[in-house]
Amino acid sequence: MEYPPDQFIYHACQTIYVSIIGDLPPSRRVVASFSRRDALDDLIAYLNMMMTETVLLNDATEDQIKDAYDEHLAQPVEIVECD
């Protein structure tokens, strides 16, 4: 669909949460989510997949997730809120 060049299109702003695994490329993994819980769930799913077993349950807290990554993958994790 084309718009006249003088017509502005306004987009609603949406906060995203970026989950980051690792601190050095190329092994760093970054995923964007629309809620902090979705970002945490992504970190849980990735760790469980890498360990081929359930290390964390879906209701794990952010601190539990950070501790599990440190223990099992020796990788730092963080969630960055982007407006």
Side-chain angles (χ1 to χ4, degrees):
M1 173 183 246
E2 291 188 33
Y3 293 95
D6 59 341
Q7 183 177 353
F8 292 98
I9 302 169
Y10 295 96
H11 299 280
C13 294
Q14 174 71 47
T15 300
I16 63 168
Y17 299 85
V18 179
S19 57
I20 303 169
I21 302 170
D23 55 359
L24 297 173
S27 61
R28 182 182 293 159
R29 180 176 181 271
V30 178
V31 177
S33 303
F34 288 111
S35 75
R36 190 170 200 93
R37 186 69 245 177
D38 286 347
L40 292 172
D41 289 346
D42 178 69
L43 292 175
I44 292 168
Y46 185 79
L47 179 62
N48 288 340
M49 182 268 302
M50 290 299 291
M51 298 302 295
T52 64
E53 62 180 315
T54 301
V55 175
L56 286 171
L57 300 177
N58 287 339
D59 61 349
T61 66
E62 195 164 338
D63 289 335
Q64 290 172 322
I65 292 169
K66 288 179 180 181
D67 291 343
Y69 267 89
D70 187 44
E71 179 182 342
H72 295 285
L73 296 183
Q75 292 288 331
V77 295
E78 65 177 315
I79 295 178
V80 178
E81 185 175 334
C82 304
D83 292 327

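Keep in mind that the numbers below use all heavy atoms, side chains included, and drop hydrogens, waters and symmetry copies. Sequence positions, counted from 1, serve as the residue numbers for this chain.
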* Taking a hydrophobic cluster as the set of Ile, Leu, Val, Met, Phe, Trp and Tyr residues connected by side-chain heavy atoms closer than 4.5 Å, whether directly or through intermediates, do V31 and L73 fall within one such cluster? -> no

* To do: Could you walk me through whether I16 and F34 pass the side chain to side chain contact (heavy atoms under 4.5 Å, CB included) test, one step at a time?
  => CA-CA 5 Å; I16 63 168; F34 288 111; 3.9 Å; yes

* Can you tell me which residue pairs pass the salt bridge (charged side-chain N to carboxylate O under 4.0 Å, His left out) test with a partner in residues 39-52, sequence neighbours excluded? => R29-D42, R37-D41

* **Distance in Å, Q14 CD paired with C82 SG, rounded so as to fall on 0.5 Å steps** => 12.0 Å

* To do: Kindly give the heavy-atom pair with the smallest separation between G22 and I20, and that separation in Å.
  => O-CG2, 3.7 Å

* Closest non-hydrogen atom pair, A39 against S19 -> O-CB, 4.0 Å

Counting only pairs under 3.5 Å, give me each side-chain donor-acceptor contact of residues 45-65, with atom names and distances, residues two or more places apart or in other chains.
residue, atom, partner, partner atom, Å
N48, OD1, V55, N, 2.7
N48, OD1, L56, N, 3.0
N48, ND2, I44, O, 3.4
N48, ND2, L56, O, 3.0
T61, OG1, Q64, N, 3.2
T61, OG1, Q64, OE1, 3.4
E62, OE1, R36, NE, 3.1
E62, OE1, R36, NH2, 3.3
E62, OE2, R36, NH2, 3.2
Q64, OE1, T61, N, 2.8

* Using the test side-chain hydrogen bond (donor to acceptor under 3.5 Å, both in side chains), find all partners of S27 that sit at least two apart in sequence or belong to another chain. => none

* Taking all heavy atoms of Y69 and all of V77, pick out the closest pair and write down the distance. => CG-CG1, 3.4 Å

